[in-house]
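So the structure is just underneath, and the comments pick up after that.
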Amino acid sequence: MLDNLKKYHIILASNSPRRRELLAGLGIDFEVKVLPDIKEDYPAELPVSEIAQFVATEKAEAYRGLLKSDHLLITADTIVIVGDEVLGKPRDAEDAYRMLHKLSGRKHQVITGVCLATMKERRCFSVSTDVAFKELTNQEVHYYVDVFRPFDKAGAYGIQEWIGYVGVTGIDGSYFNVMGLPVQRIYTELMQL
C-alpha cells in the first residue's frame with residue numbers, strides 16, 4: 001500500500017515512542033528527527049478545539065527551513081480537555097495526581113492535531129476522541145503515577161498502560177488517537193498525497 005510515498009523521505013518530528021510505534025504500524029519507512037526547544041505555545045483566545053492542530057502546524061513551521069524537495073514531514077500534538085481545562089503534560093508528580101483526579105469519574109476529550117508537510121503542500125487536521133473514566137481511588141492514582149511516571153503524556157495517562165486497563169470505561173472514536181497519533185486518518189491523508 002502507500003506506494004505513492006516511495007518518492008518521499010518521511011520524517012517524524014516526535015520524541016514519542018508511541019508515535020514511532022504507531023507510524024511504523026502503517027508499514028512505511030521513516031526517520032525520526034527532533035529539533036530541540038520547539039515551543040508548544042498557543043494564543044490564549046484560541047478555541048480549545050483548535051489548539052492541538054495549531055501547535056502541530058507551528059511545529060511543522062519550525063522545520064520548514066530543513067525540508068528538501070523529497071521530504072515529507074509529520075508533526076503532531078495531543079491535548080486532553082476536561083470541562084473547559086486543557087491538560088497538557090504534567091510538570092511533576094503532584095501535577096499528574098491533580099490531572100488524574102480531575103479526569104476521575106468523568107468524560108474528557110483527547111484531541112490530536114497533525115500536520116503533513118512537504119515543500120509544496122501542507123495538510124493539517126485534528127481528530128477528537130471521547131474517553132470516560134471510572135471513579136479512581138487515591139491509591140490507584142498514586143500507584144499509576146509512582147510506577148508508570150506518565151510525565152510525557154497529555155493528561156498524565158497512557159490509555160495503553162495500567163490506568164487504561166483499570167480506569168477507562170468507554171471510548172468514542174479512535175483508540176490510537178488517544179495514544180497520540182490518529183493513524184487511520186493519517187493513512188487516509190497519505191493515500192491522497
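What's counted below: heavy atoms across the whole structure, side chains too, no hydrogens, waters or symmetry copies. Computed from a predicted model, the values in this text were never measured in an experiment.
When all heavy atoms are compared, the tightest approach of Arg20 to Asn15 is NH1-O, 3.1 Å. When every heavy atom of Ala76 is checked against every heavy atom of Gly180, the shortest pair comes out as CB-O, 4.5 Å. Nearest approach of Cys115 to Ala56, heavy atoms of both residues: CB-O, 3.8 Å. The shortest non-hydrogen separation linking Ser69 to Met119 is N-SD, 3.3 Å. Considering every non-hydrogen atom in both His101 and Asn138, the closest pair reads NE2-OD1, 3.0 Å. In this structure, Val48 and Ile79 approach most closely via the heavy-atom pair O-CD1, 3.7 Å.
Proximity of Val80 to Leu103: side-chain heavy atoms (C-beta onward) are separated by under 4.5 Å at one or more points. Side-chain contact between Asp95 and Phe151 is absent, with no heavy atoms from C-beta onward closer than 4.5 Å. Contact annotation: the side chain of Arg64 approaches that of Arg122 to within less than 4.5 Å [non-hydrogen atoms, C-beta and beyond]. A heavy-atom distance below 4.5 Å is not found between the side chains of Ile186 and Leu22. No side-chain heavy atom of Phe133 sits under 4.5 Å from any side-chain heavy atom of Val82. Between Ser104 and Val141, every side-chain heavy-atom pair lies at or beyond the 4.5 Å cut-off. The closest side-chain heavy-atom distance from His108 to Met99 is not below 4.5 Å. Between Leu100 and Tyr144, some side-chain heavy-atom pair lies under the 4.5 Å cut-off.
Atom OG of residue Ser174 and atom CD of residue Gln184 lie 7.5 Å apart, to the nearest 0.5 angstrom. The structure places CZ of Phe30 at 12.0 Å from CG of Leu72, a figure rounded to the nearest 0.5 Å. Distance CD/Glu31 to CD1/Ile10: 11.0 Å, rounded to 0.5 Å. In this structure, Asp29 CG and Lys6 NZ are separated by 10.0 Å, a value rounded to the nearest 0.5 Å. Going from atom SG of Cys124 over to atom CD of Glu189 covers 9.5 Å, rounded to the nearest 0.5 Å. We find the CD1-NZ distance between Ile81 and Lys107 to be 15.5 Å, quoted to the nearest 0.5 Å.
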Side chain to side chain contact (heavy atoms under 4.5 Å, CB included) evaluation trace for Asp77 with Lys59: CA-CA 9 Å; Asp77 189 69; Lys59 288 178 180 179; 3.4 Å; yes
As a quick check of understanding, evaluate side chain to side chain contact (heavy atoms under 4.5 Å, CB included) for Arg123 and Leu193, giving each step before the final call. CA-CA 9 Å; Arg123 291 175 180 255; Leu193 276 179; 3.6 Å; yes
After noting the C-alpha distance and the side-chain angles of Ile171 and Ile159, does the key distance pass the side chain to side chain contact (heavy atoms under 4.5 Å, CB included) rule? CA-CA 10 Å; Ile171 182 169; Ile159 194 168; 4.0 Å; yes
Side chain to side chain contact (heavy atoms under 4.5 Å, CB included), that's the test. Do Leu136 and Ile163 meet it? Break it down for me. CA-CA 9 Å; Leu136 299 168; Ile163 200 75; 4.0 Å; yes
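When atom types are taken as modelled, the side chain of Glu121 and the backbone of Thr118 share no donor-acceptor pair closer than 3.5 angstrom. With Asp152 contributing its side chain and Ser16 its backbone, the two residues share no donor-acceptor pair below 3.5 Å. Checked by atom type and distance alone, the side chain of Asn177 pairs as donor or acceptor with a backbone atom of Val110 at under 3.5 Å. Proximity of a side-chain donor or acceptor of Thr112 to a complementary backbone N or O of Val127 within less than 3.5 Å is not detected. A distance-only check finds no donor-acceptor pair linking the side chain of Ser128 to the backbone of Ile111 [under 3.5 Å]. Formation of a donor-acceptor pair under 3.5 Å by the Tyr63 side chain with backbone atoms of Ala117 is not found in this model. Using modelled atom types, no side-chain atom of Lys134 and backbone atom of Val166 make a donor-acceptor pair closer than 3.5 Å. A distance-only check finds no donor-acceptor pair linking the side chain of Asp130 to the backbone of Asp172 [under 3.5 Å].
Under a hydrophobic clustering in which Ile, Leu, Val, Met, Phe, Trp and Tyr are joined whenever their side-chain heavy atoms come within less than 4.5 Å, directly or via other members, Met179 and Leu12 fall into the same cluster. Under a hydrophobic-cluster definition in which Ile, Leu, Val, Met, Phe, Trp and Tyr are linked whenever side-chain heavy atoms come within less than 4.5 Å, directly or via other members, Phe176 and Ile28 are assigned to the same cluster. Using a 4.5 Å cut-off between side-chain heavy atoms of Ile, Leu, Val, Met, Phe, Trp and Tyr, with links allowed through other members, Leu46 and Leu87 fall into different hydrophobic clusters. The hydrophobic clustering, which links ILVMFWY residues whose side-chain heavy atoms are closer than 4.5 Å, places Val114 and Val86 apart. Leu73 is connected to Tyr8 through a chain of hydrophobic side-chain contacts under 4.5 Å among Ile, Leu, Val, Met, Phe, Trp and Tyr, so both are in one cluster.
With hydrogens and angles left out, the side-chain atoms of Glu58 and Tyr42 include no donor and acceptor closer than 3.5 Å. Side-chain contact, Glu61 with Thr57: no donor N or O sits under 3.5 Å from an acceptor N or O. The closest side-chain donor-acceptor pair between Arg18 and Thr78, if any, does not fall under 3.5 angstrom.
In this structure, Arg98 does not pair ionically with Glu94, as no charged nitrogen and carboxylate oxygen lie closer than 4.0 Å.
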